[in-house]
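As the structure is a computational prediction, the values presented were derived from the model and not from experiment.
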Amino acid sequence: MVVLSQPALLDQFSLIKTCKPTTTLVTTNLPTIDLFDPQAKHHIVKACQDLGFFKLTNHGISMEYMTRLESEAVNFFNLPQSEKDRAGPPDPFGYGCKIIGPNGDVGWVEYLLLNSNPQVPSQKTRAIFHDDVFRSAVEKYVMAVKSMAYEVVELMADGLDMEERDVFSKLLRNEKSDSCFRLNHYPSCPVTELQAALSGRNLIGFGEHTDPQIISVLRSNNTSGLQICLKDGSWVSVPPDNSSFFINVGDALQVMTNGRFKSVKHRVLAGTGKSRVSMIYFGGPPLSEKIAPIPQLLAKESEESLYKEFLWHEYKMSAYKSKLADYRLGPFEINKKAAGQ
């Protein structure tokens, strides 16, 4: 991202929302789960019920894959703005800067959104890579993260005592899985003019939202900024850890578990120090997949469904028409009060 003159700088920030500073989450309060812990399935279910979020360690993914991709991503984001713009605007795949979606959301962020499913080609995705090094780094990383994500959702199924261990993973493994991969860059903000303009408030890098898909797998460099929203509505900061992954429950998984698992609301704050780079795999079902609470879970406790059945394509289109902070599941709920909204 180019360095801006002072008038241009303040013009850019005038469009981006701010928020009051928040307290920092104590590390011990954040669920941290060893993927190979014999009790991992139980810890994962509890974390998904309590927060919809947890930190995953001992995941088996090579640190080399992570650092190599981060390096290639930084190289791309350090290109002249005119070169990066050739990979945009996003459709939805491609390069974007500050504008998040089509409905007026903005943030202090630039990003690459890539199709992670080779069965669904994207011309814009092909145009992004200047050489095979970047492409190879993305492909190796995404392949490793997908494999880990399959294991995580299968442990979720185990912890829920599902008869079919692949009840979630088969949707992600499907050759028509509607999954994607995102690289976000939150540049460091110029300090003096920015602090004066913000008057002690924090600049929003990526506004509050939940992820529509089944699961999101996030990894970032060692720069803070990620925050999650607790049940009481308070925002807490998540300490960065570039050797671990952070798992988010998505809206589709909340529906499939009939509200047992909570889709976590989260956001990213931009800072005046080191820039933040994050990489996120979003695991979604095929567009034609019917999404509804799993019958076995309803039968287990003689529950009524809290959600209407819908096609993933319908929900995706509905989410695309909304703003980031909108409660997207509302129109698909049968009983709003029981769903906790």
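A donor-acceptor pair is defined here as one N or O able to donate and one able to accept, closer than 3.5 Å; such a pair exists between the side chain of S116 and the backbone of C180. With S237 contributing its side chain and Q227 its backbone, the two residues share no donor-acceptor pair below 3.5 Å. For the pair R328 (side chain) and D211 (backbone), a donor-acceptor distance under 3.5 Å is absent. At distances below 3.5 Å, not a single donor-acceptor pair connects side-chain atoms of E72 with backbone N or O atoms of L69. Under a 3.5 Å cut-off, the side chain of H43 and the backbone N or O of K41 do not form any donor-acceptor pair. K300 places a side-chain N or O within donor-acceptor distance of the main-chain N or O of L160, the cut-off being under 3.5 Å. Distance alone, capped at 3.5 Å, is enough to place a donor-acceptor pair between the T257 side chain and the Q254 backbone.
Note on ring orientation: taking the six-membered ring where Trp is involved, the planes of Y315 and F332 are perpendicular (angle over 60°, cut-offs 30° and 60°).
Residues forming a salt bridge (Lys or Arg N to Asp or Glu O under 4.0 Å) with D158 (at least two apart in sequence, or on another chain): R165. Shown here are the side-chain hydrogen bond (donor to acceptor under 3.5 Å, both in side chains) partners of Y150, two or more places apart in sequence or in another chain: there are none. Residues passing the side-chain contact (heavy atoms from CB on, under 4.5 Å) test with C229, sequence neighbours excluded: W235, K265.
Note that the CZ atom of F261 and the CG atom of N248 stand 13.5 Å from one another [nearest 0.5 Å]. To the nearest 0.5 Å, the span separating CD1 on I61 from OG on S147 amounts to 7.5 Å. Atom OG of S220 and atom CD1 of I280 lie 9.0 Å apart (nearest 0.5 Å). Within the model, atoms CD of E83 and CD of Q81 stand 10.5 Å from one another, a figure rounded to the nearest 0.5 Å. Note: D326 CG to T210 OG1 = 10.0 Å, rounded to the nearest 0.5 Å. For the atom pair CG of N258 and OH of Y307, the computed distance is 7.0 Å after rounding to the nearest 0.5 Å.
Clustering ILVMFWY residues whenever any of their side-chain heavy atoms sit less than 4.5 angstrom apart, transitively, puts V236 in the very cluster that holds V238. Hydrophobic clustering, with ILVMFWY side chains joined whenever heavy atoms are under 4.5 angstrom apart, keeps Y320 apart from L324. L298 is not connected to M256 by any chain of hydrophobic side-chain contacts under 4.5 Å among Ile, Leu, Val, Met, Phe, Trp and Tyr, and they are in different clusters. By the rule that hydrophobic residues join a cluster once side-chain heavy atoms approach within less than 4.5 Å of another member, I214 and M162 end up as members of one cluster. Under the 4.5 Å side-chain heavy-atom criterion for grouping Ile, Leu, Val, Met, Phe, Trp and Tyr, F134 is connected to L79 within one hydrophobic cluster.
At a threshold of 4.0 Å, the pair E154-R173 counts as salt-bridged, since one of the basic side-chain nitrogens sits closer than that to a carboxylate oxygen. Between R219 and E70 a salt bridge is recorded (basic side-chain N to carboxylate O distance below 4.0 Å).
A 4.5 Å side-chain heavy-atom check between F310 and S318 finds every atom pair outside the cut-off. When side chains are defined from C-beta on, Q213 does not count as touching K316, because their heavy atoms never get closer than 4.5 Å. Counting only heavy atoms from C-beta outward, the side chains of F54 and I44 approach each other to under 4.5 Å. Residues T57 and L35 fail the side-chain proximity criterion, which asks for heavy atoms closer than 4.5 Å. Contact check for L226 versus F53: side-chain heavy atoms found under the 4.5 Å cut-off. Using a 4.5 Å heavy-atom cutoff, the side chains of L253 and F168 are in contact. The side-chain heavy atoms of H209 and D105, taken from C-beta on, include no pair separated by under 4.5 Å. Within the 4.5 Å cutoff, no side-chain heavy atoms of V255 are placed close to those of D251.
Listed here is the closest heavy atom pair of S243 and M66: O-CE, 4.1 Å.
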After noting the C-alpha distance and the side-chain angles of K170 and E164, does the key distance pass the salt bridge (Lys or Arg N to Asp or Glu O under 4.0 Å) rule?
CA-CA 10 Å; K170 66 184 180 183; E164 298 180 13; 3.3 Å; yes

L112 and K84: CA distance, side-chain angles, deciding distance, side-chain contact (heavy atoms from CB on, under 4.5 Å) verdict:
CA-CA 10 Å; L112 281 174; K84 292 184 287 188; over 6 Å; no

Given the rule in the side-chain contact (heavy atoms from CB on, under 4.5 Å) test, do F282 and S179 qualify, once you have shown the distances and angles that lead to the verdict?
CA-CA 6 Å; F282 299 94; S179 299; 6.0 Å; no

Would you sort out whether E333 and K308 count as a salt bridge (Lys or Arg N to Asp or Glu O under 4.0 Å), showing the intermediate values?
CA-CA 6 Å; E333 290 178 343; K308 307 169 187 176; over 6 Å; no

Between V138 and M279, is a side-chain contact (heavy atoms from CB on, under 4.5 Å) present by the stated rule, with each step listed?
CA-CA 10 Å; V138 169; M279 43 199 76; over 6 Å; no

Residue pair V268, V109: steps toward the side-chain contact (heavy atoms from CB on, under 4.5 Å) verdict:
CA-CA 10 Å; V268 176; V109 62; over 6 Å; no

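A cation-pi arrangement is present between R182 and Y111, with the terminal nitrogen or guanidinium carbon under 6.0 Å from the aromatic centre and inside a 45° cone about the axis.
Under 3.5 Å, the side chains of R260 and Q49 contain no donor-acceptor pair of N or O atoms. Judged by distance alone, the side chains of E110 and Y186 never bring a donor and an acceptor atom under 3.5 Å apart. Side-chain contact check for N221 and N242: no donor-acceptor pair (N or O, by modelled atom type) lies under 3.5 Å.
Other residues, nucleotides and ligands contribute at most 12 non-hydrogen atoms within 6.0 Å of the CE atom of M143. In this structure, E64 places its CD atom where only 12 or fewer heavy-atom neighbours from other residues, nucleotides or ligands lie under 6.0 Å away.
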